[in-house]
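Because only heavy atoms are used, hydrogens play no part in the values below, and waters and symmetry mates are left out as well, while side chains stay in. Nothing here was measured: the structure is a model prediction, and the numbers come from that model. The sequence lines fix the lettering, A, B, ..., with proteins before strands; numbering per chain opens at 1.
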There are 2 protein chains.
Amino acid sequence: MDRVDVSLIALRRILRATELFSRELAQSSGVTAVQFRVLQIVAEKEQTTAKEISLRMRVSQATVTSLVDKLVRQKLVSREKSSTDRRQTNIAMTEEGWQTISNAPDPLQQRFVRKFSAMEDWEQAMLVASLERVATMLDAEDIDASPVLDTGDIRRVTEI
Amino acid sequence: MDRVDVSLIALRRILRATELFSRELAQSSGVTAVQFRVLQIVAEKEQTTAKEISLRMRVSQATVTSLVDKLVRQKLVSREKSSTDRRQTNIAMTEEGWQTISNAPDPLQQRFVRKFSAMEDWEQAMLVASLERVATMLDAEDIDASPVLDTGDIRRVTEI
DNA sequence: CATGTTAGTTAGCCAATCAAAGCAATATGG
DNA sequence: CCATATTGCTTTGATTGGCTAACTAACATG
């Protein structure tokens with residue numbers, strides 16, 4: 001089997017692993033991976049607008065509305081009309097939201113981080129280079145790519 | 001930014017690229033990526049059973065039924081009771097099915113293959129090693145990982 | 001033969017997503 | 001200053017993919 005095949009298989013395994021994890025999380029915890037992603041985006045700046053989320057996630061505003069609805073129902077975020085522009089709605093973290101985000105289990109990413117950290121320096125470097133290479137091969141445009149694996153820990157500052 | 005972050009970002013970009021592509025395909029062509037995946041599995045051996053598909057895709061049999069329903073409705077595959085074991089249903093490719101699979105646009109994988117092939121030998125080797133490494137880091141069990149990127153060309157023989 | 005196992009379908013549910021339409025609020029060009 | 005965009009968001013109504021649970025049919029086996 002040639003290398004192209006081997007790498008495609010590996011890629012597929014990676015995709016598959018995250019997909020399965022996502023489902024698993026959806027069942028075990030209250031929020032699904034997608035909802036958690038929204039929560040993360042809100043968390044990055046303490047508050048945001050629906051528009052912002054929709055742009056970041058590359059999803060329609062209608063979808064954002066429904067996702068935010070679910071988070072609001074669980075009291076993880078709150079909606080509030082902006083005072084400066086009343087067409088806008090500010091979506092803000094609640095105390096529960098912060099808690100959820102900090103308590104969220106994160107097996108997949110953690111597994112990755114743990115193993116990655118255990119690697120030799122040269123191997124880490126090689127991996128980083130390779131992953132970036134592949135990413136560039138696959139995507140053309142600039143996309144939202146905060147350092148999370150479908151779900152993961154929040155970095156409030158990272159805005160590449 | 002440390003290497004862990006950089007690699008997680010790259011991973012996310014990869015995930016994102018395939019996800020966006022999948023949606024795009026769903027709109028432009030008749031079959032969605034998942035349906036296409038089913039079609040590919042059937043194509044590998046000319047015919048299969050629902051069970052086989054469900055195992056390969058790691059999805060319930062009920063889901064397979066509904067996916068196959070859609071393909072049958074579009075006449076891309078056909079159902080036929082197995083003569084050897086009449087509990088089984090053979091799902092077989094139709095002429096249209098073959099056509100669909102061979103005409104299917106495949107920008108993502110093609111982009112990958114093209115760029116990969118253009119790489120120097122040592123770089124290809126490095127990439128393969130890295131991807132496999134990451135895949136192993138993320139998934140534990142053995143999974144279906146035929147050489148496709150959500151959708152892609154068929155290899156009837158490849159059974160790793 | 002009775003009971004169990006296996007393959008598949010049906011029914012009923014949920015999450016995520018979209019497009020289209022609607023409703024406010026702001027912006028803007030006469 | 002008002003009529004007409006434009007913008008931001010929600011509602012409505014669909015579709016897809018996914019699940020579990022219940023059911024039917026066929027095979028397997030003690």
Exercise. Tell me, yes or no, whether the heavy-atom count around A:Glu123 atom CD, taken from other residues, nucleotides or ligands under 6.0 Å, exceeds 12.
Key: yes
Quiz item: Tell me, for nucleotides 22-30 of chain D in 5' to 3' order, what letter each nucleotide earns: B for a base near a protein heavy atom under 4.0 Å, S for only sugar-phosphate near one, - for neither?
Solution: ----BS---
Practice problem: Measure from CZ on A:Arg58 to C1' on C:dC18 and round the result to the nearest Å. | Solution: 17 Å
Quiz prompt | B:Val34 and B:Met57, any side-chain heavy atoms less than 4.5 Å apart | solution = yes
Practice problem: With DNA chain C as reference, determine whether A:Ala62 or B:Ala62 sits nearer its 5' end, using the nearest nucleotide of each. | Solution: B:Ala62
Quiz item: Which of the following nucleotides, D:dT10, D:dT16, C:dG8, is nearest to the side chain of B:Gln61?
Solution: C:dG8
Self-check item: Rounded distance (Å) that lies between atom P of D:dT6 and atom NZ of A:Lys51
Solution: 14 Å
Quiz item: Any idea which of C:dG8, C:dA15, C:dT9 is nearest the B:Gln88 side chain?
Solution: C:dG8
Quiz item: At under 4.0 Å between heavy atoms, what does A:Thr65 touch on the DNA or RNA strands: base, sugar-phosphate, or nothing?
Solution: base
Quiz item: A:Arg79 side chain N/O closer than 4.0 Å to the phosphate oxygens (OP1, OP2) of D:dT10?
Solution: yes
Practice problem: Return no unless some side-chain N or O of A:Ser66 is found under 4.0 Å from OP1 or OP2 of C:dA16. | Solution: no
Quiz item: Between B:Gln35 (CD) and D:dT15 (C1'), how many Å, whole number?
Solution: 11 Å
Self-check item: Atom-pair distance (CD on B:Gln47; P on C:dA7), nearest Å
Solution: 16 Å
Quiz item: Heavy-atom count around B:Lys75 NZ within 6.0 Å, excluding the residue itself: above 12?
Solution: no
Quiz item: Can you name the nearest heavy-atom pair linking A:Ile41 to A:Thr48, along with the distance?
Solution: O-OG1, 4.0 Å
Quiz prompt | Distance in angstrom units between A:Met57 CE and C:dC18 P, rounded | solution = 10 Å
Self-check item: Integer-rounded Å distance: C:dA16 P and A:Arg73 CZ
Solution: 11 Å
Quiz item: CD of A:Glu96: more than 12 outside heavy atoms within 6.0 angstrom?
Solution: yes
Practice problem: Evaluate the side-chain proximity of B:Arg133 to A:Met126: yes if any heavy-atom separation is below 4.5 Å, no if none is. | Solution: no
Exercise. For B:Thr49, answer base if it contacts any base atom (sugar-phosphate contacts may also be present), sugar-phosphate if it contacts only those atoms, and nothing otherwise; contact means non-hydrogen atoms under 4.0 Å.
Key: sugar-phosphate
Self-check item: Interatomic distance, B:Asn90 CG vs C:dT9 C1' [rounded to whole Å]
Solution: 16 Å
Exercise. Report yes if at least one side-chain N or O of A:Ser60 is closer than 4.0 Å to OP1 or OP2 of C:dC18; otherwise report no.
Key: yes
Quiz item: Are any of A:Thr32's side-chain N or O atoms less than 4.0 Å away from OP1 or OP2 of C:dA15?
Solution: no
Quiz item: Could you give the CG-to-P distance, from A:Asp69 to D:dT12, as a whole number of Å?
Solution: 11 Å
Practice problem: Run through B:Glu46, B:Arg79, B:Gln47 and flag the one making a side chain to side chain contact (heavy atoms under 4.5 Å, CB included) with B:Asn90. | Solution: B:Gln47
